[in-house]
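Quick notes on the structure that follows.
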Amino acid sequence: MTDLLARHTDENGITTLTLNQPDRRNSLSMSMLDALLEALNDVAKDDATRVVVIAAEGKVFCAGHDLREIRDQLDSHDFQLALFKRCSEVMQTIVNLPRPVIARVAGVATAAGCQLVASCDLAVAADSARFATPGVNIGLFCSTPMVALSRNVSRKHAMEMLLTGEMIDATRAEQLGLVNRVVDESQLDETVYGMARTIAEKSGHTLKIGKGAFYKQMEMPLDKAYDYTAKVMAENLMADDAREGICAFLDKRKPEWKDS
């Protein structure tokens with residue numbers, strides 16, 4: 001554990017990264033972003049980790065960037081550019097991580113905090129959670145959060161959130177596709193870690209192939225996407241785990257993954 005970020009890996013290979021600065025609303029300061037990036041890069045090389053959960057201490061999941069820090073550096077264009085580039089690097093690292101990432105959202109997720117939720121592969125929210133991209137209200141349009149948001153929800157819904165800056169509740173976030181499930185807060189951990197355990201039981205090698213292919217094909221025209229994924233599936237069949245999985249299914253037994 002650090003002052004900013006707590007890390008724990010359980011017996012199922014589920015690593016939880018917990019934003020640990022509730023007194024600062026778990027804001028994505030430069031130091032918090034550095035801690036997240038270091039942890040994510042470490043997890044990417046950790047064979048013991050099969051699934052990652054991003055959580056937060058306190059009543060706020062993440063309020064976005066630290067506005068006090070931004071105000072203190074208002075005259076430094078270099079710092080501001082470095083801050084937003086570092087945040088973008090963290091979000092891309094989540095997308096490119098060879099492990100599935102689940103956001104466990106309790107409380108408010110705004111601006112870059114909403115971006116963090118949108119960047120995760122899956123998200124489960126407590127029914128009390130709320131979301132917004134309110135930068136427009138303070139004269140700072142949520143342009144980098146917009147990248148992740150617009151890749152999760154439709155254009156018009158993304159634009160509504162970005163242009164109005166208004167808060168939406170968890171049920172609306174689920175309707176828009178920003179989160180997968182909304183549950184009573186008392187059921188949040190059971191739902192998040194139940195989902196994580198289900199995923200952790202799969203072949204790690206297969207999950208890595210599938211996650212990478214999912215995001216890559218989304219940026220392609222339809223015909224190119226089919227050409228690409230046909231090659232991915234053919235190569236996937238050459239893997240030890242694909243052969244083991246097929247044989248186990250036909251033999252009516254549980255597969256023994258080698259993660260290769």
Side-chain angles (χ1 to χ4, degrees), residues 1-21 26 28-57 62 82-104 112-113 115-124 144 147-148 151 192-193 195-219 228 231-233 235-245 255-260:
M1 178 182 287
T2 69
D3 291 340
L4 298 174
L5 191 69
R7 174 177 172 179
H8 172 73
T9 302
D10 69 13
E11 68 277 6
N12 298 299
I14 301 166
T15 293
T16 302
L17 302 177
T18 304
L19 306 183
N20 193 39
Q21 205 172 29
N26 295 313
L28 297 182
S29 62
M30 183 66 90
S31 55
M32 179 68 86
L33 290 168
D34 286 344
L36 264 173
L37 185 60
E38 181 180 356
L40 290 166
N41 284 333
D42 188 47
V43 163
K45 298 176 288 186
D46 179 16
D47 292 337
T49 295
R50 305 185 71 81
V51 180
V52 176
V53 173
I54 295 181
E57 284 291 337
C62 179
L83 176 68
F84 296 125
K85 283 189 172 182
R86 178 51 54 89
C87 186
S88 298
E89 185 180 1
V90 168
M91 303 305 165
Q92 290 178 80
T93 299
I94 291 171
V95 173
N96 294 324
L97 200 74
R99 312 276 189 271
V101 183
I102 305 172
R104 177 201 179 277
Q115 179 185 9
L116 180 58
V117 175
S119 297
C120 292
D121 305 305
L122 302 169
V124 179
T144 48
V147 175
R151 281 162 169 75
V192 169
Y193 289 99
M195 180 184 290
R197 285 191 296 271
T198 297
I199 296 170
E201 292 174 353
K202 317 303 181 190
S203 156
H205 182 69
T206 304
L207 293 174
K208 177 181 177 181
I209 290 172
K211 176 175 174 176
F214 178 83
Y215 289 112
K216 189 169 182 179
Q217 64 84 26
M218 284 189 70
E219 305 302 321
Y228 165 67
K231 293 175 183 176
V232 170
M233 289 200 74
E235 291 173 5
N236 192 168
L237 275 171
M238 298 296 103
D240 292 335
D241 281 356
R243 299 178 182 214
E244 165 64 9
E256 297 181 7
W257 305 125
K258 297 180 181 178
D259 288 329
S260 61

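Heavy atoms only: backbone and side chains are in, while hydrogens, waters and symmetry mates are out. All values reported here derive from a predicted model rather than from experimental measurement.
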* To do: Search all heavy atoms of H205 against all heavy atoms of D241 and return the closest pair with its distance.
  => CB-OD2, 4.1 Å
* Of all the heavy-atom pairs spanning L83 and S29, show the shortest one and how long it is. => CD1-C, 4.4 Å
* Structure fact -> Nearest heavy-atom contact between L207 and P100 is CD1-CG, 4.1 Å
* Asked: Between N96 and Q92, is there a donor-acceptor pair closer than 3.5 Å when you use the side chain of the first and the backbone of the second?
  -> yes
* **Donor-acceptor contact present, side-chain K211 to main-chain L97, <3.5 Å** => yes
* Asked: Of all heavy-atom pairs between V51 and A196, which one has the smallest distance, and what is that distance?
  -> CG2-O, 3.6 Å
* Do you see a donor-acceptor pair shorter than 3.5 Å between the side chains of T16 and T18? -> no
* Ignoring hydrogens and angles, tell me if any N or O in the side chain of N20 forms a donor-acceptor pair with the backbone of A6 under 3.5 Å. => no
* Asked: How far apart are the closest heavy atoms of N12 and R197, and which atoms are they?
  -> ND2-CD, 3.5 Å
* **Partner residues of D240 under the salt bridge (charged side-chain N to carboxylate O under 4.0 Å, His left out) criterion, sequence neighbours left out** => none
* Can you see which heavy atom on V117 is nearest to which on A123, and at what distance? => CG1-CB, 3.8 Å
* List the steps, then state whether side chain to side chain contact (heavy atoms under 4.5 Å, CB included) holds for T144 with Q115. => CA-CA 8 Å; T144 48; Q115 179 185 9; 4.2 Å; yes
* N-O pairing of R7 and D42 below 4.0 Å -> yes
* **Residues, nucleotides or ligands: over 12 heavy atoms within 6.0 Å of E89 CD** => yes
* Short question: side chain of Q217, backbone of F214 - any donor-acceptor pair under 3.5 Å? -> yes
* Which is it for C62 and M32 under the side chain to side chain contact (heavy atoms under 4.5 Å, CB included) test, yes or no, and what are the steps along the way? -> CA-CA 11 Å; C62 179; M32 179 68 86; over 6 Å; no
* To do: May I ask you to decide if A48's main-chain N or O and D46's side chain share a donor-acceptor pair within less than 3.5 Å?
  => yes
* To do: Verify, without hydrogens or angle tests, whether N26 (side chain) and A56 (backbone) share a donor-acceptor contact under 3.5 angstrom.
  => no
* Please test E57 against L19 for side chain to side chain contact (heavy atoms under 4.5 Å, CB included), starting from the C-alpha separation and ending with a verdict. => CA-CA 6 Å; E57 284 291 337; L19 306 183; over 6 Å; no
* Pair D10 + R50: basic N to acidic O under 4.0 Å -> no
* Salt bridge flag under 4.0 Å for residues D34 and R86 -> yes
* Judged by atom type as modelled, is there a donor-acceptor pair below 3.5 Å linking the side chain of D121 to the main-chain atoms of V101? -> yes
